[in-house]
Amino acid sequence: NGEACAELLSASHAHAKNKKLQLENAEALCSRFLRPLSPWDESVAAHLRCCWAAAQDDPVTCYSCQTTIVQTFNRILQTHKEDNWALPVMYVVIADLRTFANRADSAQIRSGRGKPGELLEKAADCIMSCFRVCVSDTRSTLDVSKKWGTLPIVNSLFKIYFKTNKMQLCKPLIRAIESSNIKDNFRQSHLVTYKYYVGRKAMFDNDYEKGLF
C-alpha cells in the first residue's frame with residue numbers, strides 16, 4: 001500500500017514526534033528486521049535518524065538524512081519494473097527533502113556558512129534523478145507506469161527553481177510534460193500547480209499571451 005508506506009516515511013506524520021522512534025543510530029536495528037527488504041532498511045534507518053535530528057532542531061542533519069532517503073528510494077524505484085505502487089512514497093520523500101533543504105539553507109546562512117539556495121540546488125539534482133527514472137519508464141502498461149509521477153516531480157522542481165532564480169531550468173521540464181501522451185490525464189491538483197508555474201514563467205519571459213492562457 002503506497003499511501004500507508006508514505007505515511008511511515010513522512011517527516012510530518014505524527015509518528016515522527018514519538019521519542020521512541022527518534023533514533024540517532026538505527027542502522028543495525030533496521031538491518032536486523034528489514035534486511036530481506038533491502039534497501040528499504042537504509043531508508044527507514046535514515047528516516048529515524050531524521051526524526052532524531054528534527055527533535056534536536058538540526059535542519060542540516062535532517063537534510064542529509066532526507067537526501068539519503070531519496071537516493072535510496074531512487075534505487076528502489078528502479079527495481080520496480082512493472083508497477084508504480086511506490087509513487088505516493090516518492091511524493092512524500094521529495095517534498096520533505098525540499099522542506100529540509102530550505103530550512104538547512106536558512107540555518108547555514110544564519111551561521112555564516114554556505115550560499116543562499118546552495119542545498120536547495122543540490123536537492124533539485126537529487127529529485128531530478130527520480131524524474132529520470134519516471135520519465136524513461138516505457139516498459140510498463142499505462143495504468144502501472146511510473147510516468148504518472150513525472151508531473152508531481154516537475155512541480156517540486158519548479159518550486160525550487162523559482163526560489164533559486166534558476167527558471168531557465170524549467171524549460172526542458174515543460175517540454176517533457178507537453179510532449180507526454182498523458183499530459184491531460186494527470187490529477188487535477190497537479191495540473192493546476194503546473195499551469196500556475198508555467199504561467200509565471202511565461203510572464204517572466206514577457207510571453208503574456210501564453211501566461212494568460
Side-chain angles (χ1 to χ4, degrees), residues 5-27 29-30 39-77 86-134 149 151-170 173 193 196-197 200-201:
C5 187
E7 288 186 350
L8 294 176
L9 287 176
S10 170
S12 59
H13 190 266
H15 77 266
K17 303 291 186 182
N18 187 332
K19 292 185 178 181
K20 293 182 179 180
L21 297 177
Q22 296 169 354
L23 303 177
E24 182 179 4
N25 298 296
E27 290 82 2
L29 181 66
C30 292
W40 284 101
D41 58 327
E42 297 175 38
S43 291
V44 174
H47 175 64
L48 296 178
R49 179 173 171 80
C50 184
C51 294
W52 169 82
Q56 308 303 311
D57 193 23
D58 183 354
V60 176
T61 299
C62 287
Y63 161 76
S64 178
C65 293
Q66 198 65 31
T67 298
T68 298
I69 293 170
V70 174
Q71 289 173 337
T72 305
F73 179 78
N74 190 50
R75 287 159 47 203
I76 294 169
L77 200 61
L87 288 181
V89 183
M90 182 186 71
Y91 304 153
V92 165
V93 297
I94 65 176
D96 284 344
L97 177 59
R98 193 181 73 249
T99 297
F100 287 130
N102 260 315
R103 294 175 184 173
D105 269 330
S106 298
Q108 291 204 144
I109 292 170
R110 286 195 301 269
S111 63
R113 296 179 291 120
K115 302 175 182 178
E118 181 179 9
L119 298 182
L120 263 179
E121 291 182 15
K122 291 181 180 179
D125 291 339
C126 191
I127 294 170
M128 180 60 79
S129 65
C130 292
F131 176 77
R132 294 190 185 101
V133 173
C134 290
L151 190 58
I153 298 175
V154 165
N155 288 339
S156 286
L157 290 170
F158 279 169
K159 293 172 184 178
I160 293 175
Y161 294 152
F162 272 78
K163 187 174 181 64
T164 58
N165 199 27
K166 301 282 186 180
M167 285 180 281
Q168 72 276 10
L169 298 178
C170 296
L173 298 176
T193 302
Y196 166 75
Y197 281 103
R200 283 186 62 184
K201 174 69 165 56

* To do: Answer yes or no: is there an ion pair linking Glu27 with Arg49, defined by an N-O contact shorter than 4.0 Å?
  => no

* Asked: Measuring from Leu48:CG to Lys20:NZ, what's the distance to the nearest 0.5 Å?
  -> 14.5 Å

* Asked: Ala104 and Pro59: which non-hydrogen atoms are nearest, and at how many Å?
  -> CB-O, 3.7 Å

* Could you pull out the closest heavy-atom pair between Pro39 and Arg75, with the gap in Å? => CB-NH2, 3.4 Å

* Are Phe158 and Lys201 close enough that some pair of their side-chain heavy atoms sits under 4.5 Å apart? -> no

* Structure fact -> Taking every heavy atom of Ser43 against every heavy atom of Ile76, the minimum-distance pair comes out as OG-CD1, 4.2 Å

* Asked: From Thr72 OG1 over to Asp41 CG, what is the distance, rounded to the nearest 0.5 angstrom?
  -> 9.0 Å

* Asked: Counting only N and O atoms by type, is there a donor-acceptor contact under 3.5 Å from the side chain of Asp105 to the main-chain atoms of Pro116?
  -> no

* Structure fact -> Rounded to the nearest 0.5 Å, the CG atom of Asp125 sits from the OG1 atom of Thr67 at a distance of 10.5 Å

* Asked: Mind checking whether Phe131 and Ile153 have side chains closer than 4.5 Å, heavy atoms only?
  -> yes

* Asked: Who are the ring pair (Phe, Tyr, Trp, His ring centres under 6.0 Å) partners of His13, not counting sequence neighbours?
  -> His15

* To do: May I have the step-by-step check of side-chain contact (heavy atoms from CB on, under 4.5 Å) for Gln108 and Val60, ending in yes or no?
  => CA-CA 8 Å; Gln108 291 204 144; Val60 176; 4.0 Å; yes

* Residues Asn165, Met167; criterion side-chain contact (heavy atoms from CB on, under 4.5 Å); working and verdict -> CA-CA 6 Å; Asn165 199 27; Met167 285 180 281; 3.6 Å; yes

* To do: May I ask you to test the Glu42-Thr68 pair for a side-chain heavy-atom distance under 4.5 Å?
  => no

* Given the rule in the side-chain contact (heavy atoms from CB on, under 4.5 Å) test, do Cys65 and Trp52 qualify, once you have shown the distances and angles that lead to the verdict? -> CA-CA 10 Å; Cys65 293; Trp52 169 82; over 6 Å; no

* Asked: Looking at NZ of Lys122 and CD1 of Ile127, how far apart are the two atoms once the value is rounded to the nearest 0.5 Å?
  -> 14.5 Å

* Is it true that a side-chain atom of Gln71 and a backbone atom of Cys126 form a donor plus acceptor pair closer than 3.5 Å? -> no

* Do any N or O atoms from the side chain of Ser10 and from the backbone of Ala6 form a donor-acceptor pair under 3.5 angstrom? -> no

* **Heavy-atom donor-acceptor pair, Glu118 side chain to Lys115 backbone, under 3.5 Å** => yes

* To do: May I have the step-by-step check of side-chain contact (heavy atoms from CB on, under 4.5 Å) for Leu173 and Met128, ending in yes or no?
  => CA-CA 10 Å; Leu173 298 176; Met128 180 60 79; 3.8 Å; yes

* To do: Check whether any side-chain heavy atom of Leu21 sits under 4.5 Å from a side-chain heavy atom of Cys51, and report yes or no.
  => no

* Asked: Could you state the interatomic distance from SG (Cys134) to CG (Leu87), rounded to the nearest 0.5 Å?
  -> 5.5 Å

Could you list the donor-acceptor pairs under 3.5 angstrom formed by side chains in residues 92-103, with sequence neighbours left out?
{"residue": "Asp96", "atom": "OD2", "partner": "Ala11", "partner atom": "N", "Å": "2.9"}
{"residue": "Arg98", "atom": "NH1", "partner": "Ser156", "partner atom": "OG", "Å": "3.3"}
{"residue": "Thr99", "atom": "OG1", "partner": "Ala95", "partner atom": "O", "Å": "3.1"}

* Is the shortest heavy-atom distance from the side chain of Gln168 to the side chain of Tyr161 under 4.5 Å? -> no

* Aromatic rings Phe73 and Trp40: how do their planes relate, parallel, tilted or perpendicular, breaks at 30° and 60°? -> perpendicular

* Asked: Which atom pair, heavy atoms only, marks the closest approach of Cys130 to Met90?
  -> CB-SD, 4.0 Å

* **From Leu77 atom CG to Ser129 atom OG, the distance as rounded to the nearest 0.5 Å** => 9.0 Å

* Which atom pair, heavy atoms only, marks the closest approach of Cys30 to Val44? -> SG-CG1, 3.7 Å

